[in-house]
Each structure stands twice: as C-alpha cells, then as structure tokens.
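Lettering follows sequence order; numbering is per chain, from 1.
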Protein chains: 2
Amino acid sequence: MPVGFNVDEMKRLDEVVEKRRRVKQGELLFNSGDTFTSLYAIRTGFFKTCVTSEDGREQVTGFQMAGEIIGMDGIVSDRHNCNAVALEDAEVCVMPFATVEDLSRELPALQRHVHKIMSREIVRENSVMMLLGNMRAEERLAAFLLNLLQRLHARGLSQSELVLRMTREEIGSYLGLKLETVSRAFSKFSEEGIIEVKQRYVKILAPEALKKIFNPQTYF
Amino acid sequence: MPVGFNVDEMKRLDEVVEKRRRVKQGELLFNSGDTFTSLYAIRTGFFKTCVTSEDGREQVTGFQMAGEIIGMDGIVSDRHNCNAVALEDAEVCVMPFATVEDLSRELPALQRHVHKIMSREIVRENSVMMLLGNMRAEERLAAFLLNLLQRLHARGLSQSELVLRMTREEIGSYLGLKLETVSRAFSKFSEEGIIEVKQRYVKILAPEALKKIFNPQTYF
DNA sequence: ATTATCTTTTGATGTGTATCAAAGTTCTTT
DNA sequence: AAAGAACTTTGATACACATCAAAAGATAAT
C-alpha cells in the first residue's frame, strides 16, 4: 500500500483490513444498490466496474488491477453506484470504511492517502471524458493500450506486451465504441506493424507509433 | 454548507474559510498546472471546468453552481489538473486544503462530508461516461437539461425555466457534440413543443417528454 | 472427443453526427 | 447610433462508426 509511513504506523494500518475475500472470475465484488460498507484493495486479479442505465445499457467505467482501490462510488449515498465484476480470479482486502475514517483521523498520512486516491479517480475520469468526447476510435484504443501498459509496467511487468483480461465488447463499452470497431482498430494497428495481436495477447512493436496516434500534435 | 453540525462545530467550520475571492466573468479561478492549495466553495456565480489535450482539444468536464465545491482534482498531484472559468461574475470561499484536513481530523462530520463530496463527483463522472458512451445527441441534451433543472430547483429556482450560462459550444463540449448538433437538438425539442427556446432562455413545456427522451424504456 | 457457447474477425451497408458554409441574431465596443 | 465581434441557426454534404450478417476461432460443457 502507501508509502510515507513509519514502522509503527504500518502496524496500525493493518487494522483497516478486516479480512480478505476471494472473488472468482465472473463473480461480483459488489453490485449497484448494495449497501456500502467497505473499500476494497485489490491484492490479485483484475476487475471491471460498470454502471447500467434503466433501459439496460451498460457502460464500463473502469478496469482495476492489483494495488488499486475500488468502492469509493458508494460513499456519497451509502449504496454502491456501480457493479464490480472480477475478470479473473481475484483476492481483495476488505477495508470497512468506518475503520478507514477512524484511523485516518489519527494518521494524517493515511488521511492524505485516502484523499489522493479519490482525487486520482476524479482526474482519471476527467481524462476518460476527454477520450469519449473528443477522440476517434484509433486514438481511444491507443490511449487505452498505453494506459494499461503504463500501469502494468509500474507493477514490474513488461511495457511491450500484455494479455488483455477483457473482451472486445468490454473494451468497446469503456471506450464508447462497438466491439466490431475495437476489433477493426486492433486489425489496423496490426496491419501497420504497430502491434502484434493474437486474441487477447498483444505485443507492442512500435510504442512511438502508438503514442503518435494517441497524441498526434507532439510529433511534427 | 453541510448539515449535521451543532452550533459549536459550525463555529469551527468558519476556520476553513481563509477568505473570499471574486472572479469576474471569463476569468480563471485556477488553471491546469497551478499549484493546488485550496478547495473553493462557490457562493455565487457559475463555473465551467475543462481539461485540454496537448493538441489543443478542450473537454468541458463540468458546470458548477452556487453551493458546489471545486478544486478536488488538484489533491492527487498537488497541481490542478483542469481549468476553472467563471461563466458569470462569481464569488468563492477559499478553503485551504491543509486546514480542511486538519479540521476534519477533529470533526468526523466534516471528514465524512469531504469524503461524500469527492464520492459524489466520482459518481457524477460515472454518469457522464454513460452519457458520452451510450447516448444519442437528443438523449444527452435532455439529460443535461434535466440535471441542470434539478440542481437549480434544489436551490429554490423554478424547475420549468432556466437561463443557460454557457454557449452552445460549451454545452457541446460537455456532451461530446458539436455546437451545431446542440443547436439542432434545441430546435427539434422546440418544434416538438417540449421546450421554448429564446437564445439562452429555456422554458420546459413538457417535462415528461424530456424525461422520456432521456430514459425511453421507463415509458411503455 | 464432441458439441455447444462465446468471442473475434471481416465484409457490406446504413445512419447520426461532423463538417462546411452562410445568414441571422445578439452583445460589445467605440 | 454604428460597427464589429461573438453566438446561434439552418441547410447541404461528408464521413466515422454503427448495424447487420456470416464465418472462423477459441473456450467451456457434456
């Protein structure tokens, strides 16, 4: 978890973890409408969060991996506002929010950490709004891949290859595209020699080309 | 501000307001890249927040009115991540975030309040993602108008008429549409007798029709 | 192993919104 | 009051992505 804590504070931090919980692939960690009690720190596995409109349209709002925190959507109304689904077998630390609040009153570093996590989520969603509001299909996919790679790389994994945990349809939902469009964009990148794709496996052959697609003006 | 405080606590809350600041129409409250120091509670006036991509594309991420808090995007990196522009002459309470954190360690109700405000923003952005990812132009505009009306109504204003503070282009940027499309959607609603539009003035003639456009399936 | 289901790819066609353009309206400046 | 700038509306056309369709490939179930 966070840095900037001394040994004594680290011990106290253990208090916030009530228990661990395993979630199998396809299962829900929480559902929209569920009473909010806890935040969840992902230890292993991969999740998607999504909201559903009353007429059944689904929007994936994010993909979360080990080390990330989910559940903050529930704080405002004491009910979760989205669904969290495990895209692979996962284990999370259950952190009752009341405990988090209690302890963060005593540990300013924890308090600050909680604020940063929520702020980071706000900033992330701002950039998704930019993506959905202003970018074309290929730019969206390039941004998506670069973001995933960067997060995986921060976890010690390769920055040149990855295995997608989600379907084309889920990627499309996140990016505001149909699955066929996502598939075509993958094929286009592949034809251009930018990536190598074999189903969910993706290898980045030309990272600079991807960055150029994502952010055209930087390269004149 | 918030409810759930006793008289003594209310007094302490005054401490978080360092001073007030006036922002004239068109002026910036803060800019992307500015050092983050404070949250701002809007006393009067109307703001937009927007992010800009490196190649100059602008995405309006929100419109904020009296009683709402802005600036939370800056917490994560100690720098603001978006611009906040006054769309009409405004006055804000400057609340240094360090003070907010200090005091919320002593006042659990304030702590909870801060958490709720940030969570509310996360949830709002989730629904904007749904809007941008899944809805057609007219649905987006209907959702936008209904949201504005609801917030104005909560402030004691009419729920059947409003004066827009932003241009068609700014509405379009928020909704992921071009200004012409926004204009056409307004005209369409007007032709159908759902609203009356005279430039920035909008009167809702058939609120149910608007809700039906926003959320078709509820009405069979 | 075999069948059924789910996922992905690719092609043909359709459509909603963008783009381009121009005129009208309102607001601001002098 | 006049001129200029900014904003809005409306029409004509273009295009990016959606939709429809079908086949191929992977995964799960029996």
Sequence neighbours left out, what passes side-chain contact (heavy atoms from CB on, under 4.5 Å) with T44(A)? Give chain and number order.
-> E91(A)
Could you list by number each residue of residues 194-206 of chain A showing a heavy-atom separation from DNA chain C of less than 4.0 Å, or answer none if no residue does?
-> Q199(A), R200(A)
K48(A) side, atom NZ; T167(A) side, atom OG1 - distance, nearest 0.5 Å | 7.0 Å
Taking only residues at least two apart or on different chains, which pairs with a member in residues 66-95 of chain B satisfy ring pair (Phe, Tyr, Trp, His ring centres under 6.0 Å)?
-> F30(B)-H80(B), F36(B)-H80(B)
Point-to-point distance, once rounded to the nearest 0.5 Å, from CE of M72(B) to CG of L39(B) = 7.0 Å
What are the two closest non-hydrogen atoms of N134(B) and E139(B), and how far apart are they?
-> O-OE1, 4.4 Å
Distance-only donor-acceptor pairs under 3.5 Å for side chains of residues 171-186 of chain B, two or more places apart:
residue : atom : partner : partner atom : Å
S173(B) : OG   : E58(B)  : O            : 3.3
S173(B) : OG   : V60(B)  : N            : 2.8
Y174(B) : OH   : R124(B) : NH1          : 3.0

Nucleotide interval of DNA chain D bounded by contacts with chain A (heavy-atom cut-off, under 4.0 Å) = dA16(D) to dA26(D)
Show the distances under 3.5 angstrom between N or O atoms of the protein and N or O atoms of nucleotides 27-30 of chain C.
none

What bend angle does the helix from dA1(C)-dT30(D) to dT30(C)-dA1(D) show across its length, from five-pair end axes and to the nearest 10 degrees?
-> 60°
With sequence neighbours left out, write down each residue that passes side-chain contact (heavy atoms from CB on, under 4.5 Å) with S127(B), or none if nothing qualifies.
-> none
Under a 4.0 Å N-O cut-off, is there an ion pair linking E208(B) with K211(B)?
-> yes
Report the distance from atom CG of L131(B) to atom C1' of dT17(C), rounded to the nearest whole Å.
-> 15 Å
Spacing between E139(B) atom CD and dT17(C) atom C1', to the nearest angstrom | 14 Å
Mind checking R184(A) for me? I need base, sugar-phosphate or nothing, with any heavy atom below 4.0 Å counting as a touch.
-> base
With R165(B), the side chain to side chain donor-acceptor pair (under 3.5 Å) member among E88(B), Q25(B), E170(B) | E88(B)
Please confirm whether the backbone N or O of V92(B) pairs with a side-chain atom of R21(B), one donor and one acceptor, at under 3.5 Å?
-> no
Just grab all the salt bridge (charged side-chain N to carboxylate O under 4.0 Å, His left out) pairs involving residues 191-206 of chain B, residues at least two apart or on different chains.
-> K188(B)-E192(B)
Let me know the distance between CD of E180(B) and P of dC20(C), rounded to the nearest Å.
-> 10 Å
Is the backbone N or O of R57(A) less than 3.5 Å from a side-chain atom of S53(A), with the two atoms forming a donor-acceptor pair by type?
-> yes
Among all residues two or more places apart in sequence or in another chain, which pass the side chain to side chain donor-acceptor pair (under 3.5 Å) test with Q64(B)?
-> T49(B)
Could you say whether E138(A) or S183(B) is positioned toward the 5' end of DNA chain D, judged by the nucleotide with the nearest heavy atom to each?
-> S183(B)
OP1, OP2 of dT10(C) versus side-chain N and O of S187(A): anything below 4.0 Å?
-> yes
So, does R140(B) use its side chain to make a donor-acceptor pair with the main chain of M135(B) at under 3.5 Å?
-> yes
Sorted by first residue and then second, give each salt bridge (charged side-chain N to carboxylate O under 4.0 Å, His left out) pair with at least one member in residues 64-76 of chain B; sequence neighbours left out.
-> E68(B)-R151(B), E68(B)-R155(B)
Under the criterion side-chain contact (heavy atoms from CB on, under 4.5 Å), which of R120(A), H115(A), E121(A) is the partner of I117(A)?
-> R120(A)
When you measure from every atom of DNA chain D, which of residues 160-178 of chain A have a heavy atom less than 4.0 Å away?
-> G176(A), L177(A), K178(A)
